[in-house]
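One structure is given below, encoded as structure tokens.
Values in this document were obtained by computation on a predicted structure and should not be read as measured data. The basis for the numbers below is simple: all heavy atoms, side chains too, and nothing from hydrogens, waters or symmetry mates.
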Amino acid sequence: MSEVRWLPVATLAELAVDSNKAFKVDGKSILLCRTAAGVFALANRCTHQLAALEGGRMRGHQLYCPKHGACFDMRTGSGIGPLGKVPVPSYAVQITDDGQISVALPETVTT
Ligand code: FES
């Protein structure tokens, strides 16, 4: 069983609904995606050709890589379509009542 660490990443005030933004956490680039359904966390690196996912178009729970358009489910990191064969690591998210967003990172994150 792998250990996880809950690390603060950002606040809700820093992330508008229907937007995504990358934050450095423990030396890693973590992408937070906020929709009306909640906040989701992914590694900010596409598994197709390793481009940053930040700024990718969002539609429902789908996130599209800005480089070539690979599509990933932001809830799970699983890929949809031929360019998304390899899932993007995804991380559990907690949000406190005062809007602090924290992400559960495994002890060894490979992003
Ligand atoms: S690098 Fe993301 S789709 Fe190619």
Side-chain angles (χ1 to χ4, degrees):
M1 190 168 89
S2 64
E3 297 290 321
V4 298
R5 297 168 296 150
W6 286 96
L7 298 174
V9 179
T11 64
L12 286 176
E14 298 175 85
L15 189 65
V17 175
D18 295 326
S19 73
N20 60 73
K21 188 173 180 181
F23 297 88
K24 278 284 185 194
V25 182
D26 202 27
K28 314 298 179 192
S29 185
I30 302 297
L31 185 70
L32 296 183
C33 302
R34 185 176 180 189
T35 72
V39 177
F40 307 94
L42 299 171
N44 184 31
R45 188 161 65 177
C46 181
T47 52
H48 176 230
Q49 288 186 357
L50 309 181
L53 289 168
E54 183 178 32
R57 187 167 53 90
M58 295 164 52
R59 185 171 185 180
H61 288 109
Q62 297 177 341
L63 171 70
Y64 295 85
C65 176
K67 185 83 171 184
H68 308 112
C71 181
F72 300 94
D73 186 322
M74 65 181 76
R75 299 170 296 183
T76 63
S78 61
I80 302 163
L83 297 182
K85 288 181 181 159
V86 178
V88 172
S90 65
Y91 310 106
V93 171
Q94 286 182 343
I95 304 172
T96 61
D97 289 343
D98 63 355
Q100 175 66 56
I101 303 167
S102 297
V103 171
L105 294 183
E107 288 293 336
T108 54
V109 174
T110 56
T111 58

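Between Ala22 and Ser29, the closest heavy-atom pair is CB-OG, 3.8 Å. Across every non-hydrogen atom of Cys46 and Ala70, the tightest pair is SG-CB, 4.2 Å. Considering every non-hydrogen atom in both Pro8 and Ser102, the closest pair reads CA-OG, 3.6 Å. Considering every non-hydrogen atom in both Lys67 and Ala51, the closest pair reads CB-CB, 3.7 Å. Residues Phe72 and Gly84 come closest through the heavy atom pair CE2-CA, 4.0 Å. In terms of heavy-atom proximity, Ala43 sits nearest to Leu53 at O-CD1, 3.6 Å.
Summarising the geometry, atom CG belonging to Leu32 is positioned 9.0 Å from atom CG belonging to Asn20; distances are rounded to the nearest 0.5 Å. Note that CG of Leu12 and CZ of Arg34 are 4.5 Å apart. Values are rounded to the nearest 0.5 Å. Here Ile101 contributes atom CD1 and Phe23 contributes atom CZ; the two are 7.0 Å apart, rounded to the nearest 0.5 Å. Between the CG atom of Asn44 and the CG atom of Leu50 there is a distance of 11.5 Å, given to the nearest 0.5 Å. Considering CE of Met58 and SG of Cys33, their distance stands at 5.0 Å, rounded to 0.5 Å. We find the CD1-OH distance between Ile80 and Tyr64 to be 7.0 Å, quoted to the nearest 0.5 Å.
Val25 and Val93 fall within the same hydrophobic cluster, defined by Ile, Leu, Val, Met, Phe, Trp and Tyr side-chain heavy atoms under 4.5 Å apart, directly or through other members. Put simply, Phe40 and Val103 are part of two different groups of oily side chains (I, L, V, M, F, W, Y) that touch within less than 4.5 Å, one to the next. At a threshold of 4.5 Å between side-chain heavy atoms, the hydrophobic network of Ile, Leu, Val, Met, Phe, Trp and Tyr places Leu7 and Ile95 in one connected group. Clustering ILVMFWY residues whenever any of their side-chain heavy atoms sit less than 4.5 angstrom apart, transitively, puts Val4 in a cluster other than the one holding Ile30. Residue Leu31 is not grouped with residue Leu15 when hydrophobic side chains (ILVMFWY) are merged at heavy-atom distances under 4.5 angstrom, including chains of intermediate members.
A salt bridge is absent between Glu54 and Lys21; no separation between the charged side-chain nitrogens and carboxylate oxygens falls under 4.0 Å.
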When you look at Asp26 and Lys28, which way does the salt bridge (charged side-chain N to carboxylate O under 4.0 Å, His left out) test go after all the steps?
CA-CA 6 Å; Asp26 202 27; Lys28 314 298 179 192; over 6 Å; no
